[in-house]
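Everything below concerns the one structure shown next.
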Amino acid sequence: MNLETLNNKQLEAVKVLDGPLLILAGAGSGKTRVLTTRVAYLIEQGVNPEQILAITFTNKAAKEMKDRIIKMLGPVAYQIQISTFHSFGLKIIKYHHDLLGYKKNFTILDSEDSITVIKKILKSMDLDPKIYHPKAIKSQISGAKNELLNPEEYSKFANTEYEKIVLKVYKAYQNKLVINNSLDFDDLLMLPIVLFNQNKDVLKIYQEQFKYVLIDEYQDTNEAQYVLTKMISAKYKNICVVGDPDQSIYAFRGSNYRNILNFEKDYKNAKTIMLEENYRSTKNILNVANSVIKNNGSRKEKNLWTDNEDGDKIIYHRSENEKDEAFYVMSQIKKIMNQSPLSEIAILYRTNAQSRNMEEALLRENIPYKVIGSFYFYKRKEIKDLISYLKLIYNQDDDISLTRIINVPKRGIGLKSIENLVQKANDEGKSMYEAIDNGKELAFRQIIEELIKMQDSCSLTELVDLILEKTGIRNELIAENTLDAEVRLENLEEFKSITKNFEEKNGIISLEEFLNEISLVSDIEEHKNNNEVVTLMTVHSAKGLEFNNVFVIGMEDGIFPHANAFQDPSQLEEERRLCYVAITRARKKLWLVNAKRRMLYGMENANVESRFIKEIDGQYLDKDIVAEETRIIKTNMIDASIDYSISDKVVHNKYGVGVIVNIEKSILTIAFNHPHGIKMIIKGHKSIRKV
DNA sequence: GCCTAAGTGCTTTTT
DNA sequence: GCACTTAGGC
């Protein structure tokens, strides 16, 4: 193990093994390196790898840490417990399910399922979803669980009329989940604590098991996560937490950066180490980041510095509209992609919806890319249906999944039949599946029964194939004979390649393992290995990552910072921290891009530049507003009656005289000389004519 | 029970 | 702009 390249502070952070340790690690200060080296050092000092627990927030971070430690230590690294909070919680619950009153084959609801359940409860209580927004109620329940309040405890705080309604729904919701032998995401954090509170002997086992605990991104822990780590490390107090208050960006999910500020109060004789040298970014990038974050009032001053070169100035470009914005980014990517691998290029944005324009442009330019955190695939109806079949095969108490698929494909079981079945199940005190004993529903049950029997004698991929076959999903889609049905079938067949991939990587995998995995890692990109591509993601997902070239798009007031944060100073500060995270992802070059006008909710909006840009000292910025550049306009849907050819002169009624530089299928590319110009697409031919 | 057309409301961020 | 919900006809 190579400790020589560490600086003094980093070395100290690696070597202080016992007792509570707080590492305040600024962006790019080598945090992951310290964490992984620390784990390696612990093992080298004779600590049993099985006694180390390392917890991260995201699957990506866990994987990154695992990979790095494997590189340093080899296979012994597999004995270390490295997981996200949620997967760690899941493991504990799985193991002690009986003590918590769940059967071993419980299933996990995704956020959408939770909302579906809440909608149904609202309906049954005759509450108007327009007044009681299912999403808002879900977030209230989620908040309560993260504060470790079960319905009974929540009732003590439920004072307003609204809160009393939430309480009623919360009770019914939790009841429904238990009956369905199902958990939601928040249960994964809350139930281990319930377990430990009720069974001190079980807690003891974990305290003895994990003598050394490491928590990454501690500034983002919520109450449940905070308590969980505190409980486990209570005996030996070898707890090392790492974080940066300036990068706390999950308050909306209940995270509380006071957890990190209070660490020294929580753990008497805690040692604190500050990592303030940034190894990642150029001076210019760091200066820009600092000039933004210093505007946060409630903040512990720190001095993040770098010995790196000044580097290029930060490029600021203001486009005409969101299409221009995409074209500008493309033009810049094409300039750098010869010197820089695509894997070193990232496009970051505030909201997922912004990826669309970029994707379209990348597709058009034939530049390979991946979108991180696009649950697009798993959210598709056909995929959710398929997963529901898998869930029901695994857990027949899962009424939520059953309701979803009992009429997929169409079996003539409509709303009325389902209502009757719900009633019958209620009366008989059974699950819906159990309550089925006649009619079309019985045929459905028999298919599931058959699949349950077959699962033992076939692989996961074969099981998926059998589902498509036996349920008639495949035949229905083939019979439909539309483009849409074809796409859906393709997606379902693609799902098999995911399971296959999975089996190749992990060997024979049980349905249980697979369901757990896709419940917690629902991002298809994390199941793939495509590296030589441009990465698109939200700033939130980018935390902890770094790239040589970073584009932050949509730098407009209303988008970044988001309009919802305008009224609340603390939310605005969180937006600013988010901006700080975005800027500090860049190693070498950073582009800040925005658009004067933008389509939003089907309406064109004019946005002023982000207040965060105004906060940047102008000396670090290179305003990339090209005075005179050839404007390339593509136009499609050409009038076939007009015969266009290359080098023809045309007049556009807005952009003036131009020359056709390319004709491809029905798309004309026209070059105009125009100020402030970059590429854009004009739909329709009506605005041009030949001269 | 199923299908279609009209109507609505919505986008913050993730496990 | 789109995904989702609802009403009404078959």
Side-chain angles (χ1 to χ4, degrees), chain A residues 55-62 83-90 108-112 114-116 119 123 129-130 133-136 138-139 142 145-146 183-190 217 220-222 224-225 247-255 322 348-357 372-376 378-381 406-407 409-420 440 516-523 526 537-544 554 558-566 568 571-572 574-575 577-579 581-582 598-605:
Chain A
I55 293 196
T56 63
F57 266 78
T58 63
N59 300 300
K60 265 205 298 294
S83 50
T84 63
F85 269 110
H86 289 84
S87 62
F88 179 60
L90 173 58
I108 299 165
L109 276 75
D110 66 23
S111 311
E112 272 180 42
S114 295
I115 288 174
T116 307
K119 277 183 188 162
K123 201 166 191 176
K130 278 173 191 146
H133 289 34
K135 252 183 135 171
K138 158 147 198 297
S139 110
S142 188
K145 287 187 173 186
N146 285 327
L183 310 182
D184 66 13
F185 280 131
D186 305 308
D187 288 335
L188 297 178
L189 301 177
M190 186 176 176
E217 310 281 12
D220 283 328
T221 46
N222 61 30
Q225 291 160 333
Q247 294 186 62
S248 160
I249 55 175
Y250 283 105
F252 71 92
R253 204 170 78 182
S255 87
E322 79 277 5
L348 309 183
Y349 35 80
R350 177 66 180 82
T351 67
N352 278 306
Q354 289 167 262
S355 73
R356 202 189 180 109
N357 283 313
I372 301 291
S374 92
F375 308 113
Y376 164 76
Y378 285 106
K379 271 188 177 160
R380 292 192 60 101
K381 182 185 178 297
I406 192 165
N407 202 30
K410 302 259 171 318
R411 300 185 175 94
I413 305 171
L415 223 69
K416 265 267 129 54
S417 313
I418 292 176
E419 270 172 28
N420 292 339
K440 297 167 185 162
N516 287 345
E517 173 83 11
I518 60 168
S519 304
L520 297 178
V521 188
S522 54
D523 185 346
E526 295 194 33
M537 61 188 146
T538 61
V539 182
H540 280 89
S541 331
K543 197 165 66 151
I559 293 186
F560 199 1
H562 197 274
N564 292 3
F566 283 169
D568 180 351
Q571 275 191 57
L572 213 52
E574 176 146 320
E575 295 284 313
R577 290 193 293 271
L578 194 57
C579 183
V581 169
R598 180 183 296 275
M599 277 293 240
L600 242 141
Y601 318 120
M603 264 180 12
E604 182 150 88
N605 284 50

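Naming: A, B, ... by sequence-line order, numbering from 1 per chain.
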When we call it a touch if two heavy atoms are under 4.0 Å apart, what does [X] touch: a base, just sugar-phosphate, or nothing?
X	result
A/Glu604	nothing
A/Lys135	sugar-phosphate
A/Lys119	sugar-phosphate
A/Ser111	base

From [atom1] of [X] over to [atom2] of [N], roughly how many Å is that when rounded to an integer?
X	N	atom1	atom2	answer
A/Gln354	C/dG1	CD	C1'	15 Å
A/Glu217	B/dT13	CD	C1'	15 Å
A/Ile559	B/dC10	CD1	P	18 Å
A/Arg253	B/dT15	CZ	P	7 Å
A/Lys138	B/dT13	NZ	P	13 Å
A/Leu600	C/dC2	CG	C1'	13 Å
A/Phe252	B/dT11	CZ	C1'	13 Å
A/Phe57	B/dT14	CZ	P	14 Å

Using a cut-off of under 3.5 Å, enumerate the N/O to N/O pairs linking the protein to nucleotides 2-5 of chain B.
from	atom 1	to	atom 2	distance (Å)
B/dC2	OP1	A/Gly412	N	3.4
B/dC2	OP2	A/Asn407	ND2	3.0

Which of these, A/His86, A/Lys543, A/Gln225, sits in a side-chain contact (heavy atoms from CB on, under 4.5 Å) with A/Phe57?
A/Gln225
From C-beta outward on [X], which listed nucleotide comes closest to its side chain: [options]?
X	options	value
A/Tyr601	C/dG1, B/dT15, B/dT14	C/dG1
A/Lys416	B/dT14, B/dG1, B/dT11	B/dG1
A/Thr84	B/dT15, C/dC2, B/dT11	B/dT15
A/Tyr250	C/dG1, B/dT15, B/dT14	B/dT14
A/Asn352	B/dT14, B/dT15, B/dC10	B/dT14

Between A/Thr58 and A/Glu575, just flag the one whose closest nucleotide in DNA chain B comes earlier from the 5' side.
A/Glu575
Please figure out whether A/His562 or A/Lys130 has its closest DNA chain B nucleotide nearer the 5' end.
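Closest to the 5' end, via its nearest nucleotide, is A/Lys130.
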Would you check if [X] and [Y] make a side-chain contact, meaning some heavy-atom pair closer than 4.5 Å?
X	Y	value
A/Thr221	A/Phe85	yes
A/Val539	A/Phe560	yes
A/Ile249	A/His540	yes

A/Asp184 and A/Lys138 ion-paired at < 4.0 Å:
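Salt bridge flag = no for A/Lys138 with A/Asp184.
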Rounded distance in Å between the C1' positions of C/dC4 and B/dT13:
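One C1' to the other, the span is 22 Å.
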Does A/Ser541 get its side chain close enough to the base of B/dT14, under 3.5 Å, for a donor-acceptor pair?
no
Derivation of the side chain to side chain contact (heavy atoms under 4.5 Å, CB included) call for A/Thr56 and A/Glu217
CA-CA 7 Å; A/Thr56 63; A/Glu217 310 281 12; over 6 Å; no
Who are the side-chain contact (heavy atoms from CB on, under 4.5 Å) partners of A/Thr351, not counting sequence neighbours?
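A/Thr351 satisfies side-chain contact (heavy atoms from CB on, under 4.5 Å) with A/Ala353, A/Gln354, A/His562 only.
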Backbone N/O of A/Asn357 and side chain of A/Glu322: donor-acceptor pair under 3.5 Å:
no
Does a side-chain N or O from A/His133 land closer than 4.0 Å to OP1 or OP2 of B/dC10, or not?
yes
